[in-house]
Amino acid sequence: MTALKNDRFLRALLGEPVDTTPVWMMRQAGRYLPEYRETRAQAGDFLSLCKNTEFACEVTLQPLRRYELDAAILFSDILTIPDALGLGLYFEVGEGPKFRKTIRTEQDVANLPKFNAKSDLDYVMNAVSTIRSALAGQVPLIGFSGSPWTLATYMIEGGSSKDFRFSKQMMYAQPEVLHALLDRLADAVIDYLNAQIDAGAQAIQIFDSWGGALAHREYLEFSLKYMHKIVAGLQREKDGRKIPVILFTKGGGQWLEPMITTGADAFGLDWTTSLNVARQTVNGRAALQGNLDPATLYGSHENIVKATKAMLDDAYANGEKTGYIANLGHGITQWVDPVKPKAFIDTVHEYSAKYL
């Protein structure tokens, strides 16, 4: 494989020295970019975009042509595993993902088919290897998956949810059924992420998008427990280089201490957690990533620069020299003017140099 020209993202994840703070954006390939909308229109719909290797590669690379980003992230969806398990994923305009089948009983869990990532999701692996080749060592490629808890909520609810009625009903009324589902999903995620690593992913992020909806004890039992299992089951080195793992629980900043016990290399933060306090909590035991409010990018150039500098001041307030990756606290939204992220990205690179 081609040697990396820019490895500061991987170095920061592993606590190694960097020349400037690395930066990327969750959902950096997305609807805010006119070139993405054009490619999606060519593909016909979102799922066709994900499943076409050429298109998936193209949209992954699009933000790198506009911005000085330090990582690329595979263009795919967190719901590929449930789709491969036969639940019938589709997208309603304006309503997000939906499933034709739901998982709500012990028998439903038992009826789930066996899963093999390399054959059942071969289009994802084709995209990973194609993107890695197209990057030609420009920046590292991040692979990803949804967490078992987050995937389970979609499978149980049949789509997105505000109150997680059926998921929490299962959790409190039939916890053994939910544990059986989560255990199956953890095995699937391990297989899926290891297949991405084999195909060329150089770092891994696990998106626990709905972990923050859980109460404290339930988060530990029904979400974090299975991320422990995943991290323990992942291939952690390839081609002589460590494969860093990032856990991101939206709304989960209060659980940093127990998260550290997973052995993950880094933890993503949303915008509700003080980066200064988070750095003190972690105390060099892992890297941190985040935590600019994505809505900041609706602001003026001056206010984006101001907010980015404040975030960096918090990140380095305790004298650390590395172990931090700048990012948004969640995905960039479709309503952001594509001119605006440049202010964020350029400020990260220029302003952070004084701390390193």
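Just so we're clear, the structure is a prediction, and the values are computed from it rather than from any experiment.
- Around atom CD of E106, no more than 12 heavy atoms belonging to other residues, nucleotides or ligands sit under 6.0 Å away.
- T150 places a side-chain N or O within donor-acceptor distance of the main-chain N or O of W210, the cut-off being under 3.5 Å.
- The shortest side-chain heavy-atom distance between S147 and L247 does not fall under the 4.5 Å cut-off.
- Using a 4.5 Å heavy-atom cutoff, the side chains of V177 and T105 are not in contact.
- Using a distance-only test at 3.5 Å, with no hydrogens or angles considered, no donor-acceptor pair links the side chain of K118 to the main chain of D191.
- A donor-acceptor pair under 3.5 Å links the side-chain atoms of K321 to the main chain of Y355, judged by distance alone.
- Of all non-hydrogen atoms in F99 and P82, the two that sit nearest each other are CZ-CB, 3.4 Å.
- More than 12 heavy atoms of other residues, nucleotides or ligands lie within 6.0 Å of CZ in R40, so this atom counts as buried by the packing criterion.
- Annotation: side-chain contact (heavy atoms from CB on, under 4.5 Å) contacts of A72 (sequence neighbours excluded): T60, L64, L135, V139, L141.
- Using a 4.5 Å heavy-atom cutoff, the side chains of T102 and F166 are not in contact.
- Between Q202 and L10 the shortest heavy-atom distance is O-CD2, 3.6 Å.
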message = salt bridge (Lys or Arg N to Asp or Glu O under 4.0 Å) for D346 and K342? Distances and angles first, verdict last.
response = CA-CA 6 Å; D346 290 351; K342 190 173 188 304; 2.5 Å; yes
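- In this structure, the side chains of S160 and Y154 come closer than 4.5 Å at one or more pairs of heavy atoms.
- Contact detail for L288 and V282: the closest heavy-atom pair is CD2-CG2, 3.8 Å.
- Dense packing is recorded around NZ of K5, with more than 12 heavy atoms of other residues, nucleotides or ligands lying under 6.0 Å away.
- A donor-acceptor pair under 3.5 Å is formed between the side chain of R279 and the backbone N or O of G323.
- For K354, the NZ atom is densely surrounded, since the number of other residues' heavy atoms within 6.0 Å is greater than 12.
- A donor-acceptor contact shorter than 3.5 Å is absent between the side chain of N52 and the backbone of A43.
- Looking at C57 and I131, their side chains come closer than 4.5 Å, going by heavy atoms from C-beta outward.
- When each of F55, F144, Y36 is paired with F75, the ring-ring contact (aromatic ring centres under 6.0 Å, His included) condition holds for Y36 and for no other.
- Among residue pairs with one or both ends in residues 45-66, those qualifying as salt bridge (Lys or Arg N to Asp or Glu O under 4.0 Å) are E35-R66, K51-D83, E58-R65; sequence neighbours excluded.
- Applying the salt bridge (Lys or Arg N to Asp or Glu O under 4.0 Å) definition to pairs two or more places apart or across chains, those involving residues 281-301 are E257-R285.
- Q235 contributes a side-chain N or O that, together with a main-chain N or O of E237, makes up a donor-acceptor pair within less than 3.5 Å.
- Proximity of a side-chain donor or acceptor of R11 to a complementary backbone N or O of E16 within less than 3.5 Å is not detected.
- For E68, the CD atom counts as loosely surrounded, since its 6.0 Å shell holds 12 or fewer non-hydrogen atoms of other residues, nucleotides or ligands.
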query = Between D187 and K229, is a salt bridge (Lys or Arg N to Asp or Glu O under 4.0 Å) present by the stated rule, with each step listed?
reply = CA-CA 8 Å; D187 287 339; K229 179 177 179 176; 2.9 Å; yes
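- Other residues, nucleotides and ligands contribute only 12 or fewer heavy atoms inside 6.0 Å of the NZ atom of K101.
- Of the inter-residue distances, the one linking I332 atom CD1 with T296 atom OG1 reads 11.0 Å to the nearest 0.5 angstrom.
- The heavy-atom pair separating N291 from D270 by the smallest distance is CB-O, 2.9 Å.
- Side-chain contact between D198 and K238 is present, with at least one heavy-atom pair separated by less than 4.5 Å.
- Nearest heavy-atom pair, A127 versus L74, reported as atom, atom and distance to 0.1 Å: CB-CD1, 4.0 Å.
- No donor-acceptor distance shorter than 3.5 angstrom exists from the side chain of N318 to the backbone of E320, with no hydrogens or angles considered.
- Residues I243 and A201 share a closest heavy-atom pair of CD1-O, 3.9 Å.
- Side-chain N/O atoms of Q62 and T39 include a donor and acceptor closer than 3.5 Å.
- The main-chain N or O of L13 is never found under 3.5 Å from a side-chain atom of D265 such that the two would form a donor-acceptor pair.
- Using a distance-only test at 3.5 Å, with no hydrogens or angles considered, no donor-acceptor pair links the side chain of D239 to the main chain of R241.
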